[in-house]
Amino acid sequence: MNCSLSQLFIYPVKGCRGIALSSATLAATGLEVDGIGDREWVVVDADGEFLSQREYPRLALVETRMTPSSLRLKAPGMLQLDVPFESEGDVVKARVWDDTVAAVTQGEIADAWFSNFLGVPARLLRFDPEHTRLASHKWTGKDDAPYKFADAFPVLITGEASLADVNARLMRGGHAAVTMERFRPNLVLAGLAAYEEDYLKRLRIGGAALRPVKPCARCTVPGVDLATGEASTAVPDLLATYRGRTQGEPQGVMFGVNAIVTDGIGRTLRVGDAVEVGAVARLGRARR
């Protein structure tokens with residue numbers, strides 16, 4: 001099977017737009033660029049609960065970029081905001097699903113920027129480098145898999161053919177095709193059959209190795225239009241018709257697979273790299 005890495009994405013701020021990359025460094029916590037990791041920052045409400053496109057689809061309009069010294073944010077109707085990498089703040093607690101995560105405040109200006117844009121009290125927090133957050137050993141087995149503000153795992157993998165199948169179905173139903181960014185993956189694979197990523201046991205990219213551990217159950221986020229920040233049910237409703245899993249574990253509407261890093265920390269991944277895939281595993285497959 002000829003398989004390659006066709007796209008790489010990093011999402012500096014959880015819930016905001018990602019950045020398409022030509023190369024990235026593989027860290028235990030997922031992809032990094034110049035030491036800045038995937039989901040390095042999170043936006044929380046006044047109680048420290050994370051905010052996402054599920055409740056605030058306008059987050060999809062926040063563009064992210066990394067300069068040599070700062071996180072740069074842009075959004076419609078807002079002045080450009082630069083958050084210095086070297087800024088210091090207080091260590092506070094953020095809540096991401098069932099996890100309480102140590103985080104560092106990023107200043108009143110950043111907080112006011114997000115509060116004004118979203119129309120609710122909000123704060124921008126950065127993952128505390130002294131804190132360790134591990135994916136559930138229920139899925140990773142004996143492997144410790146650290147990650148930052150992602151939902152549950154360090155890496156999300158999708159396949160080009162799977163998106164092509166989704167788009168063919170959307171267009172047959174009278175809906176517009178969507179881009180892969182709707183699904184917020186880190187690694188996109190070319191050369192697999194549609195949904196073949198569901199069954200992979202392992203991947204090797206040069207000297208790096210990743211192990212898929214759990215199909216990714218999707219919420220309403222793939223229904224958010226990145227151009228308008230408006231939510232639609234077209235994509236989630238379509239996936240629910242043929243990608244739903246109601247027996248065994250995990251359950252939900254699946255697209256993509258969550259993975260952990262098992263070897264090659266510090267290696268550089270590049271778009272176009274050959275990907276060696278392990279034998280497929282039918283256990284835990286999601287229905288097509």
Side-chain angles (χ1 to χ4, degrees), residues 7-21 30-31 33 36-45 49-66 71-83 94 96-97 106 110-127 148-153 155-158 162-163 166-167 170 175-188 216-240 252-253 255-256 258:
Q7 292 177 284
L8 284 168
F9 294 97
I10 192 171
Y11 306 87
V13 184
K14 183 177 180 67
C16 298
R17 282 193 193 174
I19 303 171
L21 305 169
L31 299 185
V33 176
I36 303 301
D38 187 58
R39 275 79 170 192
E40 181 94 14
W41 287 268
V42 67
V43 183
V44 301
D45 64 16
E49 190 79 18
F50 84 103
L51 304 181
S52 81
Q53 291 182 32
R54 298 169 185 85
E55 300 83 18
Y56 297 93
R58 277 173 56 81
L59 281 171
L61 300 177
V62 179
E63 298 179 20
T64 59
R65 178 185 170 192
M66 291 180 287
L71 167 70
R72 178 166 292 173
L73 303 173
K74 296 182 179 180
M78 304 293 294
L79 294 175
Q80 176 179 290
L81 174 68
D82 282 279
V83 182
V96 180
W97 298 114
Q106 300 294 283
D111 296 348
W113 194 92
F114 274 101
S115 297
N116 290 338
F117 182 67
L118 295 176
V120 296
R123 305 180 78 186
L124 179 67
L125 304 178
R126 187 174 181 180
F127 192 84
K148 297 185 178 180
F149 287 123
D151 278 354
F153 297 94
V155 177
L156 177 61
I157 300 170
T158 59
S162 303
L163 178 66
V166 168
N167 281 330
L170 282 171
H175 301 287
V178 298
T179 63
M180 188 64 87
E181 287 89 334
R182 292 276 194 110
F183 296 94
R184 303 179 68 78
N186 299 113
L187 278 61
V188 182
C216 184
R218 310 313 299 229
C219 58
T220 58
V221 169
V224 178
D225 187 326
L226 301 183
T228 65
E230 297 178 353
S232 163
T233 62
V235 175
D237 286 353
L238 170 71
L239 289 174
V253 176
F255 188 92
N258 295 294

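Index from 1, following the sequence. Treat the numbers as computed from the prediction; the structure is a model and nothing was measured.
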**Student:** Taking all atoms of both residues into account, what is the closest heavy-atom pair of L124 and A110, and its distance?
**Tutor:** CD2-CB, 4.0 Å
**Student:** Could you check if a side-chain atom of L8 sits within less than 4.5 angstrom of a side-chain atom of L187, using non-hydrogen atoms only?
**Tutor:** yes
**Student:** Test of understanding: with side-chain contact (heavy atoms from CB on, under 4.5 Å), list the residues that count as partners of N167, not counting sequence neighbours.
**Tutor:** L163, L170, M171, A177, V178
**Student:** Using side-chain contact (heavy atoms from CB on, under 4.5 Å) as the criterion, list what pairs up with P121, not counting sequence neighbours.
**Tutor:** A46
**Student:** Do you know the tightest heavy-atom contact between V96 and A150?
**Tutor:** CG1-O, 4.3 Å
**Student:** Of all residues at least two apart in sequence or in a different chain, which pass the ring-ring contact (aromatic ring centres under 6.0 Å, His included) check with F50?
**Tutor:** W97
**Student:** Output the distance between atom CE (M66) and atom CD1 (I10), rounded to the nearest 0.5 Å.
**Tutor:** 4.5 Å
**Student:** Going from CG on L51 to CZ on R123, what distance comes out if it is rounded to the nearest 0.5 angstrom?
**Tutor:** 12.0 Å
**Student:** Is it the case that the side chain of T158 and the backbone of V188 share a donor-acceptor pair, with hydrogens and angles ignored and the cut-off at 3.5 Å?
**Tutor:** no
**Student:** Is D45 close to V120 at the side-chain level, that is, under 4.5 Å between some pair of heavy atoms?
**Tutor:** no
**Student:** Going by side-chain contact (heavy atoms from CB on, under 4.5 Å), name the residues that satisfy it together with D237, two or more places apart in sequence or in a different chain.
**Tutor:** T233
**Student:** Minimum heavy-atom separation for A75 and F117, please, with both atom names.
**Tutor:** CB-CE1, 3.7 Å
**Student:** State, with a plain yes or no, whether a side-chain heavy atom of W113 is found less than 4.5 Å away from one of V62.
**Tutor:** yes
**Student:** May I ask you to decide whether D151 forms a salt bridge with K14, counting only side-chain N to carboxylate O separations under 4.0 Å?
**Tutor:** yes
**Student:** Return the set of residues passing side-chain contact (heavy atoms from CB on, under 4.5 Å) with P236 (not counting sequence neighbours), or none when no residue passes.
**Tutor:** none
**Student:** Could you tell me if R218 sits above the aromatic ring of F183, with its cationic atom closer than 6.0 Å to the ring centre and no more than 45 degrees from the axis?
**Tutor:** no
**Student:** Is it the case that the side chain of R126 and the backbone of Q106 share a donor-acceptor pair, with hydrogens and angles ignored and the cut-off at 3.5 Å?
**Tutor:** no
**Student:** Looking only at non-hydrogen atoms, find the nearest pair between C216 and L156 and report the distance.
**Tutor:** CB-CD1, 3.7 Å
**Student:** With a 4.5 Å heavy-atom cut-off, do E63 and I19 have their side chains touching?
**Tutor:** no
**Student:** Hey, could you give me the CG/CZ distance between L81 and R72, rounded to the nearest 0.5 Å?
**Tutor:** 10.0 Å
**Student:** Give, for atom CZ of R17 and atom CG of L73, the distance between the pair rounded to the nearest 0.5 Å.
**Tutor:** 12.5 Å
**Student:** Which heavy-atom pair separates G252 from A217 by the least distance, and what is that distance?
**Tutor:** CA-CB, 4.4 Å
**Student:** What's the spacing between L71 CG and I36 CD1 if we round to 0.5 Å?
**Tutor:** 8.5 Å
**Student:** Check whether any side-chain heavy atom of R54 sits under 4.5 Å from a side-chain heavy atom of V221, and report yes or no.
**Tutor:** yes
**Student:** Between P57 and G229, what is the shortest heavy-atom contact and its length?
**Tutor:** CB-O, 3.3 Å
**Student:** For F114, check ring-ring contact (aromatic ring centres under 6.0 Å, His included) against everything at least two apart and list the hits.
**Tutor:** none
**Student:** Quick one: which of T64, L31, N186 gives a side-chain contact (heavy atoms from CB on, under 4.5 Å) with Y11?
**Tutor:** N186
**Student:** Can you check whether F255 reaches V166 side chain to side chain, under 4.5 Å on heavy atoms?
**Tutor:** yes
**Student:** Decide yes or no for L118 and V43: does some side-chain heavy atom of the first lie under 4.5 Å from some side-chain heavy atom of the second?
**Tutor:** yes
**Student:** Drop me the distance from T220's OG1 to Q53's CD, to the nearest 0.5 angstrom.
**Tutor:** 8.5 Å
**Student:** State whether the side chain of R39 and the backbone N or O of F149 hold a donor-acceptor pair below 3.5 Å, judged by distance alone.
**Tutor:** no
